[in-house]
A.B. asks: 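Take a look at the following structure, please.
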Amino acid sequence: MMMASRGGGVKLASSMMLVSRSFSTAISRGIIAKEAVTAKAVGFHGDVVRKNIGEFWVRGSVFGVRHGSTMSFGEKDQQKVEMKQTQPVAEGGDKEEKKEIASYWGVPPSRVTKEDGAEWKWNCFRPWETYSADLSIDLKKHHVPATVLDKMAFWIVKALRLPTDLFFQRRYGCRAMMLETVAAVPGMVGGMLLHCKSLRRFEHSGGWIKTLLDEAENERMHLMTFMEVAKPRWYERALVITVQGVFLNAYFLGYIISPKFAHRMVGYLEEEAIHSYTEFLKELDKGNIENVPAPAIAVDYWRLPPNATLRDVVLVVRADEAHHRDVNHFASDIHYQGRELKEAPAPIGYH
């Protein structure tokens, strides 16, 4: 047995020399690993060969093999196991395989739980950002256009409604989705411009930056919700890109020229949104649109009951639009009185 073991070692060494002369490093590693397994079965002097014998042969310069990785075969196997480790992520009850993201910077993934201890599954918002919408808000309030700028803003919004009615007609799910892609733009533009103004002038904003950015985020959450209800077609996506590009630049210029006009126009846009969601509710009540269960994201975001339906979602979204209407008309009134937004405390958290 001793002679057989030594003979196996000589055979392996000869194979090593042949590999180092005839093959590339990558090929030689594969052959070395194969020989190492054979050597383990034979044994050196009756001893059990270590699993990382390949490390000795690859790193050993006696046989003239070029140095490869300094990691042993055992360590490489362990690394592969670690890379394959996954965690189940529940989204609506389905389990998906998601790889952990390793980073040198040591930013750990946050682990957030609900009040009942269940895992929080949304990354786009946290439990402390959720709220219960105020459904008692007056939906019939309307600002009667008095000045030239008011009338201009009013009729621009009315003109924008005509092609929307023709295109979507009574497909209120898709209409709502399209509306939110536009409604989320003004708050972001206004908040960004106020942010830059605050930096230039070394002054506070009175909380209006946060208010407008919160409005934009709230409108975006409307979109994320209705995406679960109505799936946009390819030409609707193309329309969104076109309309958003035009509206973003137009509103940006309009806000720079006249913030009071920009906020007034958004106030009228929100009034039209209230009207659209009211018509949506009528179609739901008539049975023309199926009153499906509320998306899970809506249940968590608005703290709805587990058995909430699409009708409940439309009610809270309409209430949000009414609050945005009030905020923007209020902002426009501040400018009309010759004041700046920072002079009036912003209605932060006005839902």
Side-chain angles (χ1 to χ4, degrees), residues 134 137-166 178-198 200-201 203-216 218-219 243-279 318-348 350-351:
D134 179 15
I137 189 171
D138 187 357
L139 302 172
K140 297 180 179 179
K141 290 171 66 175
H142 167 65
H143 177 82
V144 179
T147 66
V148 175
L149 286 179
D150 281 359
K151 293 177 181 179
M152 186 184 301
F154 179 79
W155 288 111
I156 286 176
V157 172
K158 288 295 184 183
L160 291 174
R161 179 181 170 180
L162 291 176
T164 305
D165 290 343
L166 293 173
M178 178 69 180
L179 177 67
E180 300 302 342
T181 62
V182 174
V185 171
M188 182 61 65
V189 172
M192 179 192 69
L193 290 175
L194 287 180
H195 174 76
C196 294
K197 181 180 179 180
S198 175
R200 289 196 310 271
R201 297 188 177 183
E203 63 184 17
H204 292 283
S205 70
W208 281 95
I209 296 174
K210 178 174 176 55
T211 296
L212 294 179
L213 293 180
D214 284 349
E215 176 187 312
N218 181 250
E219 297 284 10
V243 172
Q244 189 184 83
V246 173
F247 183 76
L248 172 65
N249 290 282
Y251 188 81
F252 180 85
L253 292 175
Y255 200 99
I256 291 176
I257 296 171
S258 176
K260 58 185 175 184
F261 165 77
H263 282 293
R264 187 69 78 202
M265 191 178 79
V266 176
Y268 288 131
L269 278 173
E270 300 296 355
E271 290 183 18
E272 289 298 327
I274 294 171
H275 173 75
S276 296
Y277 285 117
T278 300
E279 294 298 316
R318 185 178 65 171
D320 285 347
E321 305 295 4
H323 286 86
H324 299 161
R325 170 204 63 192
D326 294 351
V327 170
N328 280 279
H329 280 314
F330 174 52
S332 183
D333 289 344
I334 295 172
H335 283 293
Y336 265 108
Q337 296 174 21
R339 312 284 288 276
E340 293 189 21
L341 292 182
K342 66 176 183 177
E343 299 179 47
I348 297 176
Y350 179 63
H351 293 298

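If you read the sequence from its start, that first residue is 1, and numbering goes on from there. Computation of the quantities below employed the complete heavy-atom set of this structure, encompassing side-chain atoms and omitting hydrogens, waters and symmetry-equivalent molecules.
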A.B. asks: Any non-hydrogen side-chain atom of L341 less than 4.5 Å from a side-chain atom of H263?
C.D. replies: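 Contact flag for L341/H263 side chains = yes.
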
A.B. asks: Please determine whether side-chain contact (heavy atoms from CB on, under 4.5 Å) holds for the pair V185 and Q244, giving the CA-CA distance in whole Å, both sets of side-chain angles, and the decisive distance to 0.1 Å.
C.D. replies: CA-CA 8 Å; V185 171; Q244 189 184 83; 4.1 Å; yes

A.B. asks: With distance as the sole test, does S198 use its side chain to make a donor-acceptor pair with the main-chain N or O of H195 at under 3.5 Å?
C.D. replies: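 Not confirmed, S198 side chain does not pair with H195 backbone.
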
A.B. asks: Working note: M152 + M265, criterion side-chain contact (heavy atoms from CB on, under 4.5 Å); need CA distance, chi angles, decisive distance, verdict.
C.D. replies: CA-CA 8 Å; M152 186 184 301; M265 191 178 79; over 6 Å; no

A.B. asks: If you measure from OG on S332 to CD on Q337, what distance do you get to the nearest 0.5 Å?
C.D. replies: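 CD of Q337 is found 10.0 Å from OG of S332.
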
A.B. asks: Tell me the closest heavy-atom pair linking G191 and L212, and the distance in Å.
C.D. replies: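 For G191 and L212, the tightest heavy-atom pair comes out as N-CD1, 3.8 Å.
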
A.B. asks: Answer whether the closest heavy-atom distance between the side chains of V243 and V182 falls below 4.5 Å.
C.D. replies: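 Heavy-atom side-chain distance check passes, below 4.5 Å.
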
A.B. asks: Considering all heavy atoms of both residues, which atom of A344 and which atom of F330 are nearest to each other, and what is their separation?
C.D. replies: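 Heavy-atom minimum between the residues: CB-CZ, 4.2 Å.
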
A.B. asks: Can you list the steps and then say if K210 with L213 is a side-chain contact (heavy atoms from CB on, under 4.5 Å)?
C.D. replies: CA-CA 5 Å; K210 178 174 176 55; L213 293 180; 5.9 Å; no

A.B. asks: Evaluate the side-chain proximity of L149 to K260: yes if any heavy-atom separation is below 4.5 Å, no if none is.
C.D. replies: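 Yes; the side chains approach each other to less than 4.5 Å.
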
A.B. asks: For the residue pair V189 and F247, establish whether any side-chain heavy-atom pair is separated by less than 4.5 Å.
C.D. replies: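 Heavy-atom side-chain distance check fails, nothing below 4.5 Å.
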
A.B. asks: Using only atom types and a distance under 3.5 Å, with no angle test, would you say the side chain of E343 pairs donor to acceptor with the backbone of E340?
C.D. replies: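 Between the backbone of E340 and the side chain of E343 there is a qualifying donor-acceptor contact (under 3.5 Å).
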
A.B. asks: Distance check, rounded to the nearest 0.5 Å: Y251 atom OH versus I256 atom CD1?
C.D. replies: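 Separation between the atoms: 11.5 Å.
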
A.B. asks: Compare all side-chain heavy atoms of P347 with those of W208 and state whether any distance is below 4.5 angstrom.
C.D. replies: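 P347 reaches W208 side chain to side chain.
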
A.B. asks: Tell me if the OH atom of Y336 is crowded by more than 12 foreign heavy atoms within 6.0 Å.
C.D. replies: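 Yes, because the 6.0 Å sphere around OH of Y336 holds more than 12 heavy atoms from other groups.
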
A.B. asks: How long is the gap from CG on L269 to CZ on R325, to the nearest 0.5 Å?
C.D. replies: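 Output value for this atom pair is 13.5 Å.
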
A.B. asks: Would you call Y350 and I137 a side-chain contact if the rule is heavy atoms closer than 4.5 Å?
C.D. replies: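 Yes, at least one pair of side-chain atoms sits under 4.5 Å.
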
A.B. asks: Taking C-beta and beyond as the side chain, do N328 and Y268 meet within less than 4.5 Å on heavy atoms?
C.D. replies: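 Sidechains of Y268 and N328: no contact.
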
A.B. asks: Is it the case that E270 and H329 place a side-chain donor and acceptor less than 3.5 Å from each other?
C.D. replies: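 No, H329 and E270 have no side-chain donor paired with an acceptor closer than 3.5 Å.
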
A.B. asks: What closest approach, in Å, do A184 and A216 show between heavy atoms, and which atom pair accounts for it?
C.D. replies: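 A184 and A216 have their closest heavy atoms at O-CB, 3.5 Å.
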
A.B. asks: CZ of R264 to CG of D150: how many Å apart, nearest 0.5 Å?
C.D. replies: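 That separation rounds to 4.5 Å.
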
A.B. asks: Are L160 and E272 packed together at the side-chain level, in the sense that at least one heavy-atom pair is separated by less than 4.5 angstrom?
C.D. replies: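 L160 vs E272: side chains apart.
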
A.B. asks: When rounded to the nearest 0.5 angstrom, what distance separates CD1 in I209 from NZ in K197?
C.D. replies: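 Taking CD1 in I209 and NZ in K197, the distance rounds to 10.0 Å.
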
A.B. asks: So, N218 versus H323: side-chain donor-acceptor pair below 3.5 Å or not?
C.D. replies: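 The answer is no; no qualifying pair exists.
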
A.B. asks: To the nearest 0.5 angstrom, please state how far the CD1 atom of I274 sits from the CD atom of E321.
C.D. replies: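 I274 CD1 to E321 CD: 7.5 Å, rounded to 0.5 Å.
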
